[in-house]
2 protein chains.
Amino acid sequence: METTTEPPESIAQIRVVIVEDHGVLAESLGAALAAQPDLTVVGTATTPSEAIRVVCDTRPDVVLMDYGLEQGDGLLAARGIKGVVPETRVVIMTGVRDETVITGALDAGCDGFVRKTAPLRQLIDAIRTAAAGGQAFAAEDLTVALRRMRSAPSTLTKREFEVLRLMAAGASTADMVRALYLSPHTVRSHVRHILEKLGAHSKLEAVAIAARDGLINVGGPEEP
Amino acid sequence: METTTEPPESIAQIRVVIVEDHGVLAESLGAALAAQPDLTVVGTATTPSEAIRVVCDTRPDVVLMDYGLEQGDGLLAARGIKGVVPETRVVIMTGVRDETVITGALDAGCDGFVRKTAPLRQLIDAIRTAAAGGQAFAAEDLTVALRRMRSAPSTLTKREFEVLRLMAAGASTADMVRALYLSPHTVRSHVRHILEKLGAHSKLEAVAIAARDGLINVGGPEEP
DNA sequence: CGGGAGTTCCCCCAAATGGAGGATGTAGCC
DNA sequence: GGCTACATCCTCCATTTGGGGGAACTCCCG
């Protein structure tokens, strides 16, 4: 591989753990990072729980965390790691064009954010920046996140999110009544609040808006 | 990297083009494949059109094609490549859990199918198998695809698909009337046929089923 | 302790939707 | 020429939904 913008000459090794459930990417990425003179891959994991265990065992400098894990949320795993070994630096890696991921990453106390569409060099730089104690967020990502935070105050409550997710699954009011053990009046009340907050005029539109804004992951062929 | 299950000893080089818009994966994968003694990466592309151009220029043995490209469909690109340079072998790589991808890959005349969750060795084996003239589809994937093809005959007409896509965008009947220049009666008629064919009892449920089965791509943060 | 947010439940009513049926014209197929 | 599929439009009716109120109760925070 070619050198990056900042090829460190010191022998200070950055110990990296890769959390990624796509074997193809995990392995090739591991090889690519290992080819860097200052990076050492000391462990890998494919699930949040495995990630925390590996981090406890290996005490890496940086965790490279995929956002879209099959079994759970990368940000949740990041929170867990920060809770158990707070000095661990976490760089989130995502393939989705979802502005809420970066706000979530900031909220979870992550130290870097890289899109999978970015060149590899950018990822390596982010790892080095995070390891050095810096924050590796692209200015473009931050501005997008800020714009969304201003424009969409979408402050849905927990219950409303539950209802929204059920709606996205195609549930009728009666279905939600059965699922949540509530009165139809209550479900309808939640629905109306959701419509109001999202600016929708139907459940269908609400789900479409929520899907567009990344509030929910619509079932089926998606890769978060 | 380590050798695979079938480390060829002949010097016959397999020329590979990688089509992948995730720079991180494209680059690290390129490095990992190049480390194989029998594989040579002769080109990369990030869009379908670029892919076809690169294939024309470099005439590779195998094209490693990501299904989920931002700008267009990997299967469409595969079709284009097969049309222009039919002897090219195409291996589809996908991260989504969508059974329709594999049927589409078979339909497009692809020669291999690998999930990103698979180990790297499996991908490399698929490339070698495809280059040797074989078909590299996992038995598990084929059975799943067959099961779906039997269970979901979902024969929506063109017009019904148009209506379905509008529904997924959150359009009301009135919106669709304006969008399609039809009578509300006609739109409602199409909607009812869609509900019947999908086994849904509401527009919301129909969209959820369609999204689950990969009939439509629901807007927003998805990575097909 | 007071106030706000959240959850739960209730009322009313107009509009949209789901579900049933039929009618017309057009296009392609055997 | 018939037949079938498709698209278009229609009627009728029961149910659901959207939109507007309000009223408890809990919990948390200042």
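Below, each value reflects all heavy atoms present in this structure, side chains not excepted, and no hydrogens, waters or symmetry copies. Per chain, numbering begins at 1; letters A, B, ... match sequence-line order.
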*Is the closest basic N to carboxylate O distance between B/E162 and B/R165 below 4.0 Å?*
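Looking at B/E162 and B/R165, the cut-off is not met.
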_Covered region of DNA chain D, 5' end to 3' end, by chain A [heavy atoms, under 4.0 Å]_ =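 Terminal contacting nucleotides, 5' to 3': D/dT17 to D/dG21.
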*Measure from the side-chain N and O atoms of B/R15 to the backbone N and O of B/T58, and report whether any donor-acceptor pair falls under 3.5 Å.*
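Answer holds: yes.
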*First locate atom OG1 of B/T47, then atom CD1 of B/I52, and finally report the distance between them rounded to the nearest 0.5 Å.*
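With rounding to 0.5 Å, OG1 (B/T47) is 9.0 Å from CD1 (B/I52).
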*Can you give one letter per nucleotide of nucleotides 23-30 of chain C, going 5' to 3': B for a protein heavy atom under 4.0 Å from the base, S for sugar-phosphate only, - for none?*
--------
*Reading nucleotides 8-21 of chain C 5' to 3', which nucleotides get B (base under 4.0 Å from a protein heavy atom), which S (sugar-phosphate only), which -?*
BBBS-----BBBBB
*Can you check side-chain contact (heavy atoms from CB on, under 4.5 Å) on A/M93 and A/E20, steps first, answer last?*
CA-CA 9 Å; A/M93 185 170 53; A/E20 166 65 66; 3.7 Å; yes
*Can you tell if the side chain of B/I14 reaches within under 4.5 Å of the side chain of B/I127, non-hydrogen atoms only?*
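Touching, per the 4.5 Å side-chain cut-off.
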*If we only count heavy atoms from C-beta on, is the B/V19 to B/V54 side-chain gap below 4.5 Å?*
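In short, these two side chains do not touch, never coming nearer than 4.5 Å.
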*Cut-off 3.5 Å, side chains only: do A/T157 and A/E160 have a donor facing an acceptor?*
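The answer is yes; a qualifying pair exists.
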*So, A/T173 versus A/K203: side-chain donor-acceptor pair below 3.5 Å or not?*
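Per modelled atom types, A/T173 and A/K203 side chains form a pair under 3.5 Å.
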*Using side chain to side chain contact (heavy atoms under 4.5 Å, CB included) as the criterion, point out the one residue from B/I81, B/I18, B/V42 that pairs with B/P60.*
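By the side chain to side chain contact (heavy atoms under 4.5 Å, CB included) criterion, B/P60 pairs with just one of B/I81, B/I18, B/V42: B/V42.
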*Single hit among B/L204, B/V191, B/V187 for side chain to side chain contact (heavy atoms under 4.5 Å, CB included) with B/M167*: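 Exactly one candidate clears the test, B/V191.
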